[in-house]
Amino acid sequence: MIRPLVTRAVRGISHPNTDLDAQTFLMRVRRLRQESAGGAPLPVAYRPQVTGAELDDPTVLIWDIGRSHDPLRGNFDHHQDHTLGATPIILRQALGEEPNALDRYVDLGDRGYFFKHPQPHPVLETLHGVAAGINLVYGDDGVRQPHYQALLEWVEDSGVDPFGRFTEQVLPHQFHPFLEARRFEERQARAAARCARWFDTRLGRVAYIATDKASVMRVLYDKGAVLVILHEPQGRMSGWSRCCPRYTLGANPARIAIPEQLDLRPLFVTLSGMEPSGNPWGGQAGVGGSPREDGGSGLTAEQVMQAVRSYMA
């Protein structure tokens, strides 16, 4: 029943600031539709929220957003249940198929596995690193999508190991700009990390940093932070009309067990109640952040840090 649902869907919805998880799911959907007679491309909207009517409509595929795992209705989110795999995994399960190496790589990365079990090569020269470079080069999810799809199609068809090292010698030339953008951001992130503010909690040290370099979170994890508060005063998100403040909170999976020791979801509920716009914070047990709606967050850095201090006291 799932295969006809996927091939006959009329549109799809996923979250803004797309990532490897969401795009691998889309690649699987595209291939299913191509295999079916007359399979048409799936129009995709990248939005911060979905409606109840859309969740109930099986002609609308919804993945990595919506907090509903209900494949028979076309809903493939995993954020509400940490025992679920990444979206390509739950699609494979719904189809009765075994995941391949790419699906497993995406799932492990989404679970933070590589923080505790680092790959034997630089993070920026991994598939996740190259994919993150796409978001650095292009700001609009609709523009990012074909580049993600080209990268994933190449990985799937070339036989290259998704767990391997992705350098200029391995990558086709068209993907070199994404690797270079990721390298440049890494240098900037290491410089920015020197300006972090630190405070102690019962679980360990928390780092606050104001920068637009998302890679700084991993740098601060390496410096011993159990939690990082990334504050982007002029944050960008695909679909926003202007730059706005945004926050990302990430627990270091190499230092603490998530959610056994630190589940951030109740903290996101608290921060949602404080948010002037009324828009919700959200995410998984180990990572999440401020509203995805246009306008971002109206909370000050001190308010967010105090909420974190209280929650981790």
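For the single chain, residues carry numbers from 1 onward in sequence order. For the numbers below, each heavy atom of this structure counts, side chains included, while hydrogens, waters and symmetry mates do not. Just so it is clear, the structure is predicted and the values come from calculations on it, not from any experiment.
A distance-only check finds a donor-acceptor pair linking the side chain of E54 to the backbone of T51 [under 3.5 Å]. Between the side chain of Y148 and the main chain of A131, a donor-acceptor pair closer than 3.5 Å is present. Under the 3.5 Å distance criterion, the side-chain polar atoms of D103 are matched with a main-chain donor or acceptor of N100. Listed for the H69 side chain is no donor-acceptor partner under 3.5 Å among the backbone atoms of H78. Using modelled atom types, no side-chain atom of D212 and backbone atom of G235 make a donor-acceptor pair closer than 3.5 Å.
Among the candidates D141, D64, T18, the single residue satisfying the side-chain hydrogen bond (donor to acceptor under 3.5 Å, both in side chains) test with Q23 is T18. Of the candidates I62, L61, I89, F76 forms a side chain to side chain contact (heavy atoms under 4.5 Å, CB included) with just one, namely L61.
At a threshold of 4.0 Å, the pair E97-R28 does not count as salt-bridged, since none of the basic side-chain nitrogens sits closer than that to a carboxylate oxygen. Taking a cutoff of 4.0 Å between a charged side-chain nitrogen and a carboxylate oxygen, R30 and E156 do not qualify as a salt bridge. A salt bridge is defined here as a Lys NZ or Arg NE, NH1 or NH2 lying under 4.0 Å from an Asp or Glu carboxylate O, and R246 with E232 meets this definition.
Between W63 and F25, the angle of the ring planes stays under 30°, which puts this pair in the parallel group of the 30/60° scheme.
Ring centers of Y105 and H128: under 6.0 Å apart, within the cut-off.
Two residues are said to be in side-chain contact when any heavy atoms from C-beta on lie closer than 4.5 Å; R182 and S215 meet this criterion.
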Legend entry - T167/H121 under side-chain contact (heavy atoms from CB on, under 4.5 Å): CA gap, chis, key distance, verdict: CA-CA 10 Å; T167 64; H121 32 262; over 6 Å; no
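Around atom CZ of R194, no more than 12 heavy atoms belonging to other residues, nucleotides or ligands sit under 6.0 Å away. More than 12 non-hydrogen atoms from other residues, nucleotides or ligands lie less than 6.0 angstrom from CZ of R111.
A cation-pi arrangement is not found for R255 relative to F115, the charged atom failing to lie both closer than 6.0 Å to the ring centre and inside a 45° cone about the ring normal.
A chain of hydrophobic side-chain contacts below 4.5 Å, direct or via other Ile, Leu, Val, Met, Phe, Trp or Tyr residues, connects Y311 to Y247.
For the atom pair CD (Q34) and OG1 (T7), the distance works out to 12.5 Å, reported to the nearest 0.5 Å.
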